[in-house]
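Okay, so here's the structure we're looking at.
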Amino acid sequence: MKVEAITLREIQMPLVHFFETSFGRTYNRRILLLTVHCEGAEGWGECVAGEGPFYSSEWTETVWATIKNYLAPAVLGRTLKSARASGPLMARVRGHRMAKAAVENALWDAEARQRRQPLWKLLGGTRREIACGVSIGIQDSIEWLLEKIHIELAAGYRRIKVKVKPGWDVDVLERIRACWPDITLSCDANSAYSLDEVEHLRKFEQFNLLMIEQPLWDDDIYYHARLQLELRTSICLDESIRHVRDAAFAVDVGACRIINIKVGRVGGFTEAKKVHDVCQAGGVPVWCGGMLETGIGRAHNIALSTLENFRLPGDVSASKRYWKEDIIEPEVEVTGQGMIVIRDEPGTGYRVREDLIEKLTVRKETIRVENK
Ligand code: OSB
Ligand code: MG
């Protein structure tokens, strides 16, 4: 597979409904899409970096500059045996995992299409359908949140996760449990608490949560292990797990009992598979996180979720929860039982709507071997 050219695009898309976490509110997404051109085979990747450096240090502008100046030149003109071979070529760049993942995942996409094989099979998946949950952001009122939960449960989703932060936590969980005592419920703090709030976090125990996601610092594992000793409720790590060594360390010291895998956060499919494997060996179930993706990133999340140790419902849900019109066809749909049925066509099984993407594009640049 010779990498002949890479096209970068920024598209802008408004969310159907704003999404608020402990670090802020998003109305409009600015998303970097990437196409690799490999001797006739094309592959698409989506970079999951946000509009600002709040979930992680990467954001729309840094991923554009990093890919253009460093990552694209590292792979352009190279002939790769497989997408997996791109990782070592980009390894000289430290960090910038979301940028790396966009490149690597586009290459996996191209490889799957070239081999005329479904991406999920190429990744080593086995599941024919995957279980879906939803992540519901902080709302303007608790009543609004309850209404949203009602709608998602009626649609069939199998797990409700709500965002929490100081001032929007115990009372909110109490109201939810008063309405639905038995649903599978979890919460995500996106690092909003510190270790001196253990007594406050202990109040979460009464709600029988499936997990508390990332309660402490985004770069911490050690203090989560200390916290896990104090809590009956399982901790799930998201932000803290950057690569397989972080996952191995977290499992080893008991910092969590569940891990959220986001392929962008760990730098691509190859590393995501390693995180999956080390968790499986350690008896820690994983689930697939989401980053408000368009259909391209969403289709990649679906393929990854077919791996065996994705034992819990992920944050991978229907296109229409995010977008008026998604950039793939068909759009991602979820059955009344809260499942996504895996498609059998080569590649992701979803067609990229280039016409629509063109309309949403605000900048575009193709980098070729010649201008290396
Ligand atoms: O922490 O999982 C998170 C969205 C943006 C940044 C971080 C997170 C999220 C979500 C949304 O929870 C998941 C989704 O529906 O895509
Ligand atoms: Mg999270």
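Positions are given from 1 along the sequence. Counting convention: from 1, in listed order, for ligands and their atoms alike. What you see is a predicted model; the values in this text were computed from it and never measured.
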key: Geometry at the Mg ion (ligand 2) - Asp188 OD2 versus Asp238 OD2 angle, rounded to 10 degrees   = 180°

Nearest to [atom], what protein heavy atom do you find, and at what distance?
{"atom": "atom 16 (O) of ligand 1", "result": "Leu292 N, 2.9 Å"}
{"atom": "atom 13 (C) of ligand 1", "result": "Gly290 O, 3.4 Å"}
{"atom": "atom 1 (O) of ligand 1", "result": "Asn190 ND2, 2.8 Å"}
{"atom": "atom 15 (O) of ligand 1", "result": "Tyr322 OH, 2.5 Å"}
{"atom": "atom 11 (C) of ligand 1", "result": "Phe19 CZ, 3.5 Å"}
{"atom": "atom 12 (O) of ligand 1", "result": "Ser135 OG, 2.9 Å"}
{"atom": "atom 2 (O) of ligand 1", "result": "Lys262 NZ, 2.9 Å"}
{"atom": "atom 5 (C) of ligand 1", "result": "Met291 SD, 4.0 Å"}

query = Can an N or O of Thr21 be found at a distance shorter than 3.5 Å from an N or O of ligand 1?
reply = no

request  = Under 4.0 Å, heavy atoms only, figure out whether ligand 1 is touched by the backbone of Asp188, its side chain, both or neither.
outcome  = side chain

Are [X] and [Y] ion-paired here, with the side-chain N under 4.0 Å from a carboxylate O?
{"X": "Arg30", "Y": "Glu61", "answer": "yes"}
{"X": "Arg175", "Y": "Glu143", "answer": "yes"}
{"X": "Arg202", "Y": "Glu205", "answer": "no"}
{"X": "Lys364", "Y": "Glu10", "answer": "no"}
{"X": "Asp315", "Y": "Arg159", "answer": "yes"}
{"X": "Arg128", "Y": "Asp344", "answer": "yes"}
{"X": "Glu271", "Y": "Lys100", "answer": "no"}

ask   = Once the angle between the rings of Phe204 and Tyr193 is folded into 0 to 90°, is it parallel (under 30°), tilted (30 to 60°) or perpendicular (over 60°)?
value = perpendicular

note = Among the N/O/S atoms of Glu213, the Mg ion (ligand 2) lies closest to OE2

inquiry  = Between ligand 1 and Lys163, can you find any atom pair, the residue atom being a heavy atom, that is separated by under 4.0 Å?
reply    = yes

message = Could you check whether any heavy atom of Lys161 sits closer than 4.0 Å to an atom of ligand 1, since that is the contact criterion I want to use?
response = yes

Proximity of Phe269 and His300 rings by center, below 6.0 Å = yes

Ligand-side contact atoms (ligand 1) for residue partner Asp238, heavy atom cut-off under 4.0 Å = 1 (O), 2 (O), 3 (C)

ask   = Which pairs count as side chain to side chain donor-acceptor pair (under 3.5 Å) when at least one residue sits in residues 33-48, sequence neighbours excluded?
value = Thr7-His37, His37-Glu42, Glu46-Thr294

